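In each ligand, atom 1 is the first atom listed, and ligand 1 is the first ligand listed. Positions are given from 1, in the same order as the sequence printed here. Only a predicted model underlies this, so the values are computations on that prediction, with no experimental measurement involved. Hydrogens, waters and symmetry mates play no part in the numbers below; they use all other heavy atoms, side chains included.
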Amino acid sequence: MRADAASGRPAAEAGPVFAPRDLEPGHARLVTVEERPFNAETPLAALDQPLTPVELFYVRNHFDVPRLDPAATRLTVDGRVEHALELGLDELRRLPSRTIVTALECAGNGRTTMTPRPPGTPWGWGAVSTGSFTGVPLGIVLERARPLPGAVEVAFTGADRGEVAPGRTVAFERSLPLAVALAPDTLLVHEMNGGALTADHGWPLRLVVPGWYGVASVKWLTRVTVLERPLEAFYQTERYVYEGERGTPERTPVTRMRVRSLIARPADGDDLRAGQVEIAGTAWSGGAAIREVAVTTDCGASWGAANLDPAASPYAHVRWTFRWDATPGEHVLASRASDSSGAIQPLDAVWNVHGYGNNVVQRLRVRVSERADRAAPG
Ligand code: MTE
């Protein structure tokens, strides 16, 4: 991060240092949802592999990508701690690190399938990917800083900021309960899929909270603050909260990803030939291991169990396949996952004001025609 000459503080705190969005090549194959700030979905067909390649990994940015100088970037750890710290990225990399494979899903994924459609970035189904993330357990750093009695939460601040209402500019900030921040799987990440993080995914340093909706995994991380009171911040108490949802206490922050599955192939609207068709997809849950994926090819009249591949980690997606003897006609396909806690995808979307956590069963239509050899006369 650039230093501000007058104050000696990181420039991101002195004012925005936004870069134009041409920092990264290769966006062409993502499905662009918004150009600026850049937001894009993973094409569903790309979910049918163990890791989503970085160039196809969905991107969720609230503001322009901040341009950071890794040589000058420092991570500040402060607040209710015995020893406030400042660590350079090289110092951080010398600490023990771990690699965890996890699905990452935006809480707004599937928002456009809710009725009435909530406001917000119009996500279809593709705001989800699976990556392998390498970094230092945050707990190692927090233990060095020594949280004091009374600490309840840890807040994370990214270097990006922008206007959320006329005259109201905020930094991207989100918090975790102290116990989750200290969990060994909560990582200060500097590598993704075996390479350096890219600008869109939080380079040079981001948080990754496996199993939690993506909003918890703060990108371009510059500050970690231990709090004795729950954080009040735009992206903690006004967005990424369940509001107006039946059965959920008002304004509960989104936490773990709800159980969900998607069909990667065939695609909605595909024309298929009668005969053996392999339906393939992905399932994940932040709550517990995937127990079953049921598939229907007759709009829910009957369901059969898909074959599940082993998951790369408790947080990774599970790939599944289902053999279907496709007969001519129009068919509605759907998959429905459940996890070992008993959670199951709802058949109807559970609506809320901002359209979060919509894990409704995805339905797609395909048309099956006679096989060419049978259709031919004679
Ligand atoms: N961190 C910062 N600093 N700014 C952001 O806009 N978006 C959050 C999270 N971390 C965001 C952020 C949201 S809502 C999601 S879903 C994930 O980053 C997306 O991570 P990705 O773009 O690497 O897929």
Side-chain angles (χ1 to χ4, degrees), residues 1 12-13 16-19 21 23-24 27 30-34 36-42 46-47 51-68 73 75 102-111 120-121 123 126-133 135 155-164 170-176 187-193 195-224 233-236 238-241 253-257 286 354-358:
M1 190 186 306
E13 291 178 9
V17 283
F18 299 149
R21 125 99 325 293
L23 285 176
E24 272 178 288
H27 282 132
L30 283 165
V31 182
T32 300
V33 175
E34 285 169 353
R36 195 155 180 208
F38 184 67
N39 283 295
E41 294 189 14
T42 298
L47 297 174
L51 293 182
T52 315
V54 173
E55 65 276 13
L56 293 179
F57 205 100
Y58 85 95
V59 177
R60 179 41 175 143
N61 294 333
H62 289 81
F63 309 118
D64 285 348
V65 172
R67 195 202 303 268
L68 301 177
T73 298
L75 179 70
T102 181
L104 202 65
E105 183 188 20
C106 185
N109 196 23
R111 171 182 290 138
T121 302
W123 295 111
V128 60
S129 300
T130 286
S132 147
F133 295 96
F156 303 91
T157 311
D160 52 334
R161 51 196 298 126
E163 235 188 25
V164 292
V170 301
F172 190 89
E173 264 187 300
R174 182 83 182 172
S175 68
L176 289 174
L187 300 182
L188 295 166
V189 162
H190 49 80
E191 275 184 27
M192 177 176 180
N193 291 6
L197 277 176
T198 59
D200 266 329
H201 296 295
W203 179 87
L205 188 70
R206 78 176 298 174
L207 190 71
V208 169
V209 189
W212 284 51
Y213 278 119
V215 64
S217 295
V218 174
K219 304 191 276 189
W220 314 293
L221 184 67
T222 57
R223 172 164 260 141
V224 172
F234 185 75
Y235 290 111
Q236 182 69 28
E238 295 178 53
R239 291 294 183 278
Y240 296 96
V241 290
V254 307
T255 56
R256 294 181 178 280
M257 296 181 289
H354 303 291
Y356 296 132
N358 176 14

Worksheet item: Quick one: are R111 and Y356 in side-chain contact, heavy atoms under 4.5 Å?
Response: yes
Practice prompt. Please lay out, stage by stage, how L176 and L207 fare under the test side chain to side chain contact (heavy atoms under 4.5 Å, CB included).
Written response: CA-CA 11 Å; L176 289 174; L207 190 71; 4.2 Å; yes
Discussion item. Show, in sequence, the C-alpha distance, side-chain angles and deciding distance for F63 and F172, and conclude whether the ring pair (Phe, Tyr, Trp, His ring centres under 6.0 Å) test is met.
Written reply: CA-CA 9 Å; F63 309 118; F172 190 89; 7.2 Å; no
Worksheet entry | Pair H62-F234, ring pair (Phe, Tyr, Trp, His ring centres under 6.0 Å): steps then yes or no | CA-CA 12 Å; H62 289 81; F234 185 75; 8.6 Å; no
Item to complete: Using heavy atoms and a cut-off under 4.0 Å, could you grab the residues that are in contact with ligand 1, chain by chain, numbers ascending?
Response: F57, Y58, V59, R60, N61, H62, L104, C106, G158, D160, F172, D200, H201, R206, G214, V215, S217, V218, K219, W220, Y240
Worksheet item: Is any side-chain heavy atom of L104 closer than 4.5 Å to a side-chain heavy atom of Y58?
Response: yes
Discussion item. Checking T42 against S129: is there a side-chain donor and acceptor pair closer than 3.5 Å?
Written reply: yes
